[in-house]
Every structure is written in structure tokens, then in C-alpha cells.
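This report concerns only the one structure given below.
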2 protein chains.
Amino acid sequence: MNEEKLFCPVEKALAVISGKWKPHIFRHLIGRTKRFGELQRALPQVTRKILTQQLRELADDGVVIRNVYPQVPPKVEYSLSDYGKTLIPIMSSLSGWGQAHIERDNHGGAKQPDG
Amino acid sequence: MNEEKLFCPVEKALAVISGKWKPHIFRHLIGRTKRFGELQRALPQVTRKILTQQLRELADDGVVIRNVYPQVPPKVEYSLSDYGKTLIPIMSSLSGWGQAHIERDNHGGAKQPDG
DNA sequence: CTGTATCCCTATAGATACTG
DNA sequence: CAGTATCTATAGGGATACAG
């Protein structure tokens, strides 16, 4: 998100995947290329501006490929790069942990650290 | 770190570990309990207010244990909960990926998506 | 269809001073 | 020692309108 150097690798990784809609975009691009409009329909809550913004950041970080077809009307396709695909297992781990955390919140009632 | 429900598990997990100093705090607590002052000395850039804040959030999420010794002067110890320890492999993955991303930035010169 | 330009709001975090 | 209270700055995200 900003250009300054992040010296902590974890922060660096988080900087790439942190963004309100990036996990969703990522999920929708797993296994398939999608046009801008398709992503928009898949994520109706996101405005064009923000969707563009997040996609550009992902592209700038090299995890997403932006393919512009010089046509009228324009056609732009987005897909995961091979590099971006290396994030899949990580996103998967995060998802698993987050799922457990959510369940913990729910039937946990009061918070009782177990360590 | 707000109270509203996050429906995406990935977002939920990110909410827990996202915070400017949380990865650092986490790293410093791996394998050892530390007092507030120790953490402060380990992370001289963080103000007491922010350090307290981030520790409280981690504790509220159940990944860190806050142990208060009713003494004068006060003594407060922080450690990873068993639950928090389940984040270690995830932080490790993030670190590995982030490291690769940093190296990529450096000797990559121009960004050239490889997918 | 796929964006950009403006303006605005809020969350996060930092500086600084005070406290049990 | 380990905090809290106030004030401020900024970055990320959003509403809305315009454009190639």
C-alpha cells in the first residue's frame, strides 16, 4: 500500500494481502480469469473505484495479471499470476484459522484464553 | 479490530494479526514470557500507549495471555496462549512468502509478473 | 465497459503529558 | 512499572459524478 520499505517479512506479506476486498478478489480469481465486470457483479458491495484500486495494487505486487484488450468497448481480464498462486496455501491456512476463530467466538461465550 | 462481524474467515484471521506491531510482539513472545518493559525495550519505536493497545487487542482475541501480578510497583507478563501458538506456522508461512517477495522486489528490477 | 476525479469519513497510530 | 488521557496526523476506503 505505501512505498516505504518494510523490513519485517510478515508485514510485507500482510501488506500484499491486506486490503478490504483483496481476499475476496483473490478467491474469485482462483482457477479462473475474470473480467472487471464479472468481479464487480461478484462483489456488488465494492465501488468501481475501490475495485480498480485493489486490483491495481495486487497487480503492482505481481500476484495478479491485468490483461487489457485494446478494443471498443474495452475488455480487461484479471487472473492470478504463478507467483500469486503461491499465496493460495497461505490464504487457505488463514481461512482455516479464521474459521476456527469465528467458531470460538460463537460457542465460546466469554473469552477464556486456554494457554 | 472493530466489533462488527467479519464473514470472511480470511479477514477474520487478518484482523487478529494485522496491527503495525503485532507481528513483532508475536515474534518476541514465541518461546518466552516477557514483561511489558522487556517488550518495550525490544521495540523502542513503539510508544507505551500503542504497545498497550496492541497487546490488549491480542489478549482480547485470545492469542496472548496477560498476567497481572498485584504488586507495587506493578508487574505484568505477556505470553502466547496455546491458541496463539497455533498461529506460529501461519506467521512462519507469511514470513517465508514475505521474504521471497522482498528479494523479488530487489533483484527483480522492473516488475514482471511471471504467470 | 472500464475506468478517473473529487470530496469526505473513519480507523489506526503517534506525540506528549499525567497517574496508581 | 505499567499504564491512561488528549490531541493530532494520515491512509484507506467510500459516494458520487464524469470520461475515453
Side-chain angles (χ1 to χ4, degrees), chain A residues 1-6 8 11-12 14-26 28-29 33-61 64-79, chain B residues 1-8 10-12 14-26 28-29 33-61 64-79:
Chain A
M1 332 248 297
N2 55 18
E3 296 299 313
E4 36 174 330
K5 306 295 175 234
L6 297 174
C8 171
E11 283 175 10
K12 184 73 182 181
L14 288 176
V16 173
I17 62 182
S18 292
K20 187 156 177 182
W21 303 100
K22 289 183 186 176
H24 298 280
I25 292 172
F26 195 89
H28 281 286
L29 291 183
T33 293
K34 284 199 174 170
R35 295 188 56 171
F36 183 84
E38 291 181 278
L39 285 170
Q40 227 189 301
R41 277 188 296 281
L43 303 168
Q45 319 266 29
V46 205
T47 63
R48 279 191 300 280
K49 183 201 169 195
I50 300 301
L51 185 54
T52 300
Q53 201 175 92
Q54 307 255 313
L55 282 165
R56 287 289 162 83
E57 289 173 2
L58 288 169
D60 287 348
D61 282 320
V64 155
I65 306 278
R66 179 171 182 264
N67 227 318
V68 184
Y69 296 78
Q71 302 176 352
V72 178
K75 170 179 168 181
V76 182
E77 284 184 345
Y78 294 92
S79 55
Chain B
M1 299 109 144
N2 53 20
E3 297 299 313
E4 35 175 330
K5 306 293 175 234
L6 297 173
F7 299 105
C8 172
V10 176
E11 284 175 12
K12 184 73 180 181
L14 289 176
V16 173
I17 61 182
S18 292
K20 188 156 178 184
W21 303 100
K22 289 183 186 177
H24 298 280
I25 292 172
F26 196 89
H28 281 285
L29 291 182
T33 293
K34 285 200 174 169
R35 295 187 58 171
F36 184 84
E38 291 182 279
L39 285 169
Q40 227 190 301
R41 278 188 296 281
L43 303 168
Q45 319 266 27
V46 205
T47 63
R48 278 191 300 279
K49 183 202 168 195
I50 300 302
L51 185 54
T52 300
Q53 201 176 91
Q54 306 255 312
L55 282 165
R56 286 290 162 84
E57 289 174 1
L58 289 169
D60 287 346
D61 281 321
V64 156
I65 307 277
R66 179 171 182 263
N67 228 318
V68 184
Y69 295 79
Q71 303 176 352
V72 179
K75 171 177 166 181
V76 182
E77 284 184 345
Y78 294 91
S79 54

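Note on naming: letters A, B, ... go to the chains in the order of the sequence lines (proteins, then strands), and numbering restarts at 1 for each one.
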Self-check item: Nucleotide of C:dC1, D:dG14, D:dC1 approaching A:T47 most closely (side-chain heavy atoms)
Solution: D:dG14

Quiz item: With nearest nucleotides of DNA chain D determined for A:V46 and B:F36 from heavy-atom distances, which residue corresponds to the more 5′ nucleotide?
Solution: B:F36

Quiz item: Expressed in angstrom and rounded to an integer, what is the separation of A:L39 atom CG from C:dT2 atom P?
Solution: 9 Å

Quiz prompt | Length of the line joining A:K22:NZ and D:dG12:C1', which is rounded to integer Å | solution = 10 Å

Self-check item: Rounded distance [0.5 Å steps], CD1 in A:I25 versus CG in A:L58
Solution: 5.5 Å

Quiz item: Looking at CD1 of B:I65 and OH of B:Y78, how far apart are the two atoms once the value is rounded to the nearest 0.5 Å?
Solution: 12.0 Å

Self-check item: Name of the residue among B:K22, B:K20, B:H24 meeting side-chain hydrogen bond (donor to acceptor under 3.5 Å, both in side chains) with A:E11
Solution: B:H24

Practice problem: Calculate the interatomic distance between A:Y69 atom OH and C:dT2 atom P; express it in whole Å. | Solution: 12 Å

Quiz item: Whole Å only: how far is the CD1 atom of A:I50 from the P atom of D:dA15?
Solution: 9 Å

Quiz item: Looking at B:Q53, does any N or O in its side chain come under 4.0 Å of the phosphate oxygens OP1/OP2 on C:dT12?
Solution: no

Quiz prompt | Value in whole Å for how far the C1' atom of D:dT4 lies from CG of B:L51 | solution = 14 Å

Quiz item: What nucleic acid atoms does A:Q45 come within less than 4.0 Å of, heavy atoms only: base, sugar-phosphate, or nothing?
Solution: nothing

Quiz prompt | Student check: side-chain heavy atoms of B:L55 and B:R66 closer than 4.5 Å | solution = no

Quiz item: Distance check: side-chain N/O of A:Y78 vs OP1/OP2 of C:dG3, anything under 4.0 Å?
Solution: yes

Practice problem: Let me know the distance between NZ of A:K20 and C1' of D:dA15, rounded to the nearest Å. | Solution: 13 Å

Quiz item: Phosphate oxygens OP1/OP2 of D:dG12: is one of them under 4.0 Å from a side-chain N or O of A:W21?
Solution: no

Practice problem: Let me know the distance between CD of B:Q54 and C1' of C:dG14, rounded to the nearest Å. | Solution: 11 Å

Practice problem: Do nucleotides 4-9 of chain C as a string where each nucleotide becomes B, S or -: B if the base has a protein heavy atom under 4.0 Å, S if just the sugar-phosphate does, - if no protein is that close. | Solution: BBB---

Self-check item: Interatomic distance where CG belongs to B:L14 and P belongs to C:dT12 [whole Å]
Solution: 14 Å

Just distance, no hydrogens or angles: give the donor-acceptor pairs under 3.5 Å from side chains in residues 33-51 of chain B, sequence neighbours left out.
| from | atom 1 | to | atom 2 | distance (Å) |
| --- | --- | --- | --- | --- |
| B:K34 | NZ | B:H28 | ND1 | 3.4 |
| B:E38 | OE1 | B:R35 | N | 2.7 |
| B:T47 | OG1 | B:I50 | N | 3.3 |

